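To keep things clear, I will list the structure first and then write my remarks on it.
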Number of protein chains: 2
Amino acid sequence: MFTIGMIAKRTGTKVQTIRYYEQIGLMPEPGRTEGGQRRYGDAELDRLAFIRHSRQLGFPLDAIRELLDLSDTPDRPCHEADEIARRQLKLVEQRMERLKALRSELKRMVKECSGGNAAQCRVLEVLRDHSECLTDHDNIGV
Amino acid sequence: MFTIGMIAKRTGTKVQTIRYYEQIGLMPEPGRTEGGQRRYGDAELDRLAFIRHSRQLGFPLDAIRELLDLSDTPDRPCHEADEIARRQLKLVEQRMERLKALRSELKRMVKECSGGNAAQCRVLEVLRDHSECLTDHDNIGV
DNA sequence: ATACATCCTCTAGCTACTGTAGCTTCAAGA
DNA sequence: TCTTGAAGCTACAGTAGCTAGAGGATGTAT
């Protein structure tokens with residue numbers, strides 16, 4: 001039997017985050033002591049670890065919910081999980097592309113700044129004049 | 001004189017977003033018609049373009065506030081703007097590193113999935129067992 | 001005069017937590 | 001058994017940066 005603090009430490013999660021997961025139905029309601037404190041077993045610990053690891057890989061909570069469902073019903077076909085992972089991979093790759101473009105523009109800005117005062121600042125100038133911008137940024141989701 | 005819809009279209013911003021910027025003090029309160037509708041001039045249009053371009057480069061609103069201050073006082077030294085840009089560049093590079101690690105783990109997961117049912121699913125297995133994870137992910141900020 | 005697009009304010013919602021206040025319970029040591 | 005301090009409890013507010021919707025007013029073209 002573990003307290004919430006114990007599974008928090010073991011999985012590197014904040015206590016409040018675990019309670020939050022319970023609130024949104026991602027973690028089950030655990031048993032309680034007579035005094036009302038939560039007590040967890042190994043299954044819950046595993047589930048939380050699964051959630052945390054998925055989060056670290058950037059999966060949104062909704063995707064994690066699906067993955068947990070799949071994990072709970074072992075006879076369902078695997079391709080659903082596979083597809084969720086592929087979707088996530090694609091998202092990560094898109095973000096990387098986007099960051100690459102940002103990086104090059106930022107690098108250019110910083111490089112050209114020769115240090116004077118704000119009136120001649122190349123950084124500010126670039127920000128002011130969008131036409132100098134080489135890349136297209138449609139969506140902002142960095 | 002432009003309506004809010006016009007500067008929205010010109011800068012690729014949603015109307016609500018402009019009102020939000022006004023609310024948090026990033027955009028000034030513009031003049032109004034007798035009926036109470038906002039009317040903007042060129043200065044405001046430029047300011048909004050500056051904000052949007054900065055956002056597209058990933059600068060947080062606080063940083064943009066500083067950049068706008070600098071831009072408004074041309075005799076202040078430039079290195080402050082330079083430093084903000086450098087900070088942003090560093091952040092972008094950190095995020096890229098992180099995404100690279102995620103990508104490789106996701107790729108591995110997806111590659112090893114041979115398609116069967118959830119019980120043998122490699123994706124779920126990897127998520128379940130954190131010890132298979134090669135990279136360390138301390139903070140999640142993807 | 002009327003139709004219709006656009007504008008207004010206000011409120012609530014989104015993701016994924018995180019922090020605080022004010023109080024209670026648990027477990028170990030004396 | 002009593003005390004003490006850490007850790008637990010609920011409930012609510014706040015974070016970033018918007019976005020959506022209700023319900024009504026205004027502006028402009030015909």
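Labels below follow one simple rule: chain letters A, B, ... track the order of the sequence lines, proteins then strands, and each chain is numbered from 1. Predicted model, so just to flag it, every value in this text is computed and none were measured. Worth knowing before you read on, the calculation uses all heavy atoms, side chains too, and leaves out hydrogens, waters and symmetry mates.
Taking the side chain as every heavy atom from C-beta outward, A:Asp72 and A:Arg47 approach each other to under 4.5 Å. Using a 4.5 Å heavy-atom threshold, the side chains of A:Tyr20 and A:Leu61 count as touching.
In the helix from C:dA1-D:dT30 to C:dA30-D:dT1, the end axes, each obtained as the rotation axis mapping the C1' atoms of four pairs onto the next four within a five-pair block, lie 10° apart to the nearest 10 degrees.
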Could you go through residues 6-15 of chain B and list every donor-acceptor pair under 3.5 Å that involves a side-chain atom there, pairing it with any protein atom two or more places apart or in another chain?
| from | atom 1 | to | atom 2 | distance (Å) |
| --- | --- | --- | --- | --- |
| B:Thr11 | OG1 | B:Ile7 | O | 2.7 |
| B:Thr11 | OG1 | B:Thr13 | OG1 | 2.7 |

In residues 24-33 of chain A, what donor-acceptor pairs under 3.5 Å come from side-chain atoms, sequence neighbours left out?
| from | atom 1 | to | atom 2 | distance (Å) |
| --- | --- | --- | --- | --- |
| A:Arg32 | NH1 | A:Gly36 | O | 2.9 |
| A:Thr33 | OG1 | A:Gly35 | N | 3.3 |
| A:Thr33 | OG1 | A:Gly36 | N | 3.3 |
| A:Thr33 | OG1 | A:Gln37 | N | 3.0 |

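Atom CD1 of B:Ile7 is separated from atom C1' of C:dC7 by 13 Å (rounded to the nearest Å).
Note on B:Arg38: every side-chain N or O is 4.0 Å or more away from OP1 and OP2 of C:dC7. Contact annotation: A:Tyr21 side-chain N/O to C:dC17 OP1/OP2 distance is under 4.0 Å.
Only B:Pro60, B:Leu61, listed by number, bring a heavy atom of residues 60-70 of chain B to less than 4.0 angstrom from any atom of DNA chain D. Listed by residue number, A:Lys14, A:Gln16, A:Thr17, A:Tyr20 are the residues of residues 10-20 of chain A with a heavy-atom contact under 4.0 Å to DNA chain C.
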For nucleotides 25-30 of chain D, read 5' to 3', which letter fits each nucleotide if B means a protein heavy atom sits under 4.0 Å from the base, S means only the sugar-phosphate is that close, and - means neither?
-SS---
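A:Glu66 pairs by the salt bridge (Lys or Arg N to Asp or Glu O under 4.0 Å) definition with nothing, not counting sequence neighbours. Remark: B:Arg19 engages no residue in a salt bridge (Lys or Arg N to Asp or Glu O under 4.0 Å) (not counting sequence neighbours). Residues passing the salt bridge (Lys or Arg N to Asp or Glu O under 4.0 Å) test with B:Glu83: none are found, sequence neighbours excluded. Take B:Tyr21 and apply the side-chain hydrogen bond (donor to acceptor under 3.5 Å, both in side chains) test, not counting sequence neighbours, and it matches B:Arg52. A:Glu22 pairs by the side-chain hydrogen bond (donor to acceptor under 3.5 Å, both in side chains) definition with A:Arg38, not counting sequence neighbours. For A:Arg103, there are no salt bridge (Lys or Arg N to Asp or Glu O under 4.0 Å) partners two or more places apart in sequence or in a different chain.
Contact annotation for A:Ile24: no contact, since no heavy-atom pair falls under 4.0 Å across all strands.
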